[in-house]
Amino acid sequence: MAEGKTFWGHVEVFRWVIIRCVAVVLGIAIAAFCYKDFVFEQLILAPCNADFITYRLLGKIGLVANVDQIELININLASQLMTHISISFYLGIVIAFPYLIVELWLFVRPALYTSERKPAVTAILSFFFQFFLGMALAYFLIFPLTFNFLGTYQVSMRVENQISLNSYISTFIGLLFMLGLVFEMPIVAYFFARIGVLKSSFLRQYRKVAVVVVLVAAAFITPSTDVFTMCLVALPLWVLYEFSIMVT
């Protein structure tokens, strides 16, 4: 927000901020659309492959075995095109997200006091780190294990699994964004502590309850009969809870 400007001057500045942000998002989305093979084969659909890095690493230490190659099907005429467009748009937002925040920061920075700027930068960087860390954990660990379990689970040998493209994409996007948001727990706890709503003593008091909640959440995120897999999910959630106690 530029100093010494009228209300309409600020509106004009903000309009150009929006224009630049939209242009960057669309530019990245178009580039992602053009590189369809890389985006889908190397990124989005990579967990479908038996040689995905997570399966290979866990297989070397005997934790995951007999990972099947799971094929996807499409049952709607326009589904593949719409999926291509939507994934390109999502990638445009995710990749451009740091730039969008920088643009917003440059706009509001002049309105902040000098003492407020450093905490604001720290909060923004923490948000970025936690969000992308959660998405990375979901992509490399939680989603591959969940997909492999659910994609091969059968109530009877008579019932063959045919996973639709829409089901795969919705689960993929949902898990990544959900874990990204879950990893914001320490930042949310810190914010509530600063405004006096939450205290570390409260979190310590309900630590036993939190253990149950974390285990239930881990079982929900990765509905597998494999206890080790559930523990892999529960461990980072518990670490987040303990970290939330430290920052409050």
Side-chain angles (χ1 to χ4, degrees), residues 1-40 42-44 76 78-139 165-166 169-198 240 247:
M1 186 177 298
E3 297 176 349
K5 286 184 176 292
T6 64
F7 171 77
W8 293 111
H10 293 312
V11 171
E12 178 65 16
V13 172
F14 189 63
R15 185 174 73 88
W16 280 104
V17 169
I18 294 176
I19 291 174
R20 288 194 296 270
C21 290
V22 171
V24 171
V25 170
L26 289 179
I28 296 175
I30 292 172
F33 188 88
C34 295
Y35 288 91
K36 178 184 66 173
D37 291 341
F38 173 79
V39 168
F40 281 90
Q42 303 299 323
L43 295 178
I44 306 300
N76 295 317
S79 181
Q80 294 205 50
L81 175 60
M82 297 308 298
T83 297
H84 188 188
I85 295 173
S86 62
I87 288 296
S88 300
F89 181 70
Y90 290 144
L91 281 176
I93 294 177
V94 171
I95 296 175
F97 201 56
Y99 173 80
L100 304 183
I101 296 299
V102 169
E103 281 282 3
L104 183 61
W105 166 250
L106 293 176
F107 178 73
V108 302
R109 183 176 180 272
L112 299 177
Y113 293 108
T114 304
S115 59
E116 296 174 332
R117 293 175 181 175
K118 186 176 180 180
V121 171
T122 302
I124 293 172
L125 293 178
S126 299
F127 173 84
F128 274 131
F129 177 77
Q130 292 295 119
F131 186 78
F132 286 107
L133 181 62
M135 292 186 68
L137 178 69
Y139 180 79
L165 178 63
N166 286 338
I169 294 297
S170 62
T171 304
F172 179 83
I173 297 296
L175 273 179
L176 261 65
F177 276 92
M178 181 170 65
L179 263 294
L181 293 177
V182 167
F183 267 63
E184 300 300 331
M185 185 193 309
I187 298 177
V188 173
Y190 176 77
F191 173 76
F192 281 124
R194 288 294 298 268
I195 63 177
V197 175
L198 185 65
L240 286 173
V247 299

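In this text the structure is predicted, and so the values were computed from the model without any measurement.
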Between the OG atom in Ser126 and the CD1 atom in Ile187, the distance rounded to the nearest 0.5 Å is 5.0 Å
Distance col, row Phe172:CZ vs Ile87:CD1, nearest 0.5 angstrom, shows 7.0 Å
CZ (Phe33) and OG (Ser86) are apart, to the nearest 0.5 Å, by 10.5 Å
All heavy atoms of Cys21 vs all of Leu100, minimum pair found to be CB-CD2, 3.4 Å
Count the heavy atoms belonging to other residues, nucleotides or ligands that lie under 6.0 Å from CZ of Phe127, then report whether that count exceeds 12. yes
field: Phe177 vs Val94 side-chain heavy atoms within contact, under 4.5 Å
entry: yes
Just wondering, are more than 12 heavy atoms of other shown residues or ligands nearer than 6.0 Å to CZ in Phe129? no
One should read off an interatomic distance between Asn76 CG and Leu81 CG, to the nearest 0.5 angstrom, of 12.5 Å
Fit a plane to each ring of Phe97 and Phe131, take the angle between them on a 0 to 90° scale, and name the class: parallel (under 30°), tilted (30 to 60°) or perpendicular (over 60°).
tilted
* **Derivation and outcome, side-chain contact (heavy atoms from CB on, under 4.5 Å), residues Val17 and Leu104** => CA-CA 8 Å; Val17 169; Leu104 183 61; 5.8 Å; no
Under 4.5 Å between any side-chain heavy atoms of Leu125 and Val121, yes or no?
yes
- Task: Find out whether Leu175 and Met178 are in side-chain contact, i.e. whether some heavy atom of one side chain is under 4.5 Å from a heavy atom of the other.
- Result: yes
*Are any of the side-chain heavy atoms of Ile28 and Leu91 separated by less than 4.5 Å?*
no
Nearest heavy-atom contact between Ala32 and Ser88 is C-OG, 3.9 Å
Tightest non-hydrogen contact, residues Val182 and Leu240, listed as O-CD1, 3.9 Å
Would you say the side-chain atoms of Gln130 pair up with the backbone N or O of Glu184, donor to acceptor, closer than 3.5 Å? no
In this structure, CD1 of Ile101 is separated from CD1 of Ile124 (nearest 0.5 Å) by 6.5 Å
Separation between CG (Leu176) and CG (Leu181), nearest 0.5 Å, reads 11.0 Å
| query | Between the side chain of Tyr139 and the main-chain N/O of Leu43, is any donor-acceptor distance below 3.5 Å? | reply | yes
Check: Counting only heavy atoms not in Tyr35, do more than 12 sit closer than 6.0 Å to its OH atom?
Finding: no
Atom CZ of residue position Phe132 - does it have more than 12 heavy atoms of other residues, nucleotides or ligands inside 6.0 Å? yes
